[in-house]
Amino acid sequence: MTTKPWRQEIELLQTYSKHKTFTVTTSGASAETVVDIGAVMEECSKISFVIELADAYVEFDDDATTSSMLVPENEGYFDDGIWIGTKISIKRAGSTNVRIRGIIWGR
């Protein structure tokens, strides 16, 4: 039997027992909750997302404000050593509604 040049099984194993995908488009100028962590898992430990349509402010465990992390349009964020316990929130940076697409992993 020949070995295929694909990833090994150990590389594909996921150490987190739960995951949640999300796609949310804002509907106004105020902060909106993207994911209610407590409704889908105990805590989030790994996150990956991209912002589409316009720039946006993103906040973990609080409501997004203009002091939150600014993510430019068509850019994203990834972290595998994070702890988010309550929610992920987004606020558009301008007058255009934004879309956020991503996935979280946790337990």
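Here the structure is a predicted model, which is why all the values come from computation and not from measurement.
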Query raised in the report: What is the distance from atom NZ of K18 to atom CZ of R107, rounded to the nearest 0.5 Å?
Result: 9.5 Å

Query raised in the report: Going only through I, L, V, M, F, W and Y residues with side-chain contacts under 4.5 Å, is there a path from V35 to V50?
Result: no

Query raised in the report: Say you draw a straight line from CD of E32 to CZ of R92; how long is it, rounded to the nearest 0.5 Å?
Result: 8.5 Å

Report task. Using the rule that two of Ile, Leu, Val, Met, Phe, Trp, Tyr join whenever any of their side-chain heavy atoms come within less than 4.5 Å, decide whether V98 and M69 are in one cluster. Result -> yes

Query raised in the report: Can you name the residues that form a salt bridge (charged side-chain N to carboxylate O under 4.0 Å, His left out) with R101, not counting sequence neighbours?
Result: E52

Report task. Taking the side chain as every heavy atom from C-beta outward, state whether I51 and V58 have any atom pair closer than 4.5 Å. Result -> yes

Query raised in the report: How about T23 and R99: do any of their side-chain heavy atoms sit closer than 4.5 Å?
Result: yes

Query raised in the report: Side-chain contact, heavy-atom cut-off 4.5 Å: I88 with I47?
Result: yes

Query - Heavy-atom closest pair, residues N97 and G28 - result: OD1-N, 3.5 Å

Requested in this report: To the nearest 0.5 angstrom, please state how far the CG atom of D36 sits from the NZ atom of K20.
Outcome: 10.5 Å

Report task. Under the side-chain contact (heavy atoms from CB on, under 4.5 Å) rule, collect the residues that match up with D55, sequence neighbours excluded. Result -> L70, P72, E73, A93

Query raised in the report: Between V34 and F49, is any pair of side-chain heavy atoms under 4.5 Å apart?
Result: no

Report task. Hey, could you give me the OG/CH2 distance between S17 and W105, rounded to the nearest 0.5 Å? Result -> 13.5 Å

Query raised in the report: Is a side-chain donor or acceptor of E59 paired with a backbone partner of I90 at a separation under 3.5 angstrom?
Result: no

Query raised in the report: With under 30° as parallel and over 60° as perpendicular, where do the rings of F60 and Y77 fit, or are they tilted in between?
Result: tilted

Query - Cluster overlap I100 with V40, hydrophobic side-chain contacts below 4.5 Å - result: yes

Query raised in the report: Are the side chains of F22 and I104 in touch, meaning some heavy atoms are under 4.5 Å apart?
Result: yes

Query - Listed partners of T66 passing side-chain contact (heavy atoms from CB on, under 4.5 Å), at least two apart - result: Y57, K91

Query raised in the report: Can you check whether G106's main-chain N or O pairs, donor with acceptor, with S45's side chain at less than 3.5 Å?
Result: no

Requested in this report: Apply side chain to side chain donor-acceptor pair (under 3.5 Å) to S89 and list each qualifying residue two or more places apart in sequence or on a separate chain.
Outcome: none

Report task. State which residues pass side-chain contact (heavy atoms from CB on, under 4.5 Å) with T65; sequence neighbours excluded, sorted by chain then number. Result -> S67, S68

Query raised in the report: Who are the salt bridge (charged side-chain N to carboxylate O under 4.0 Å, His left out) partners of D61, not counting sequence neighbours?
Result: none

Report summary line: So OG1 of T86 and CD1 of I37: to nearest 0.5 Å the spacing works out to 7.5 Å

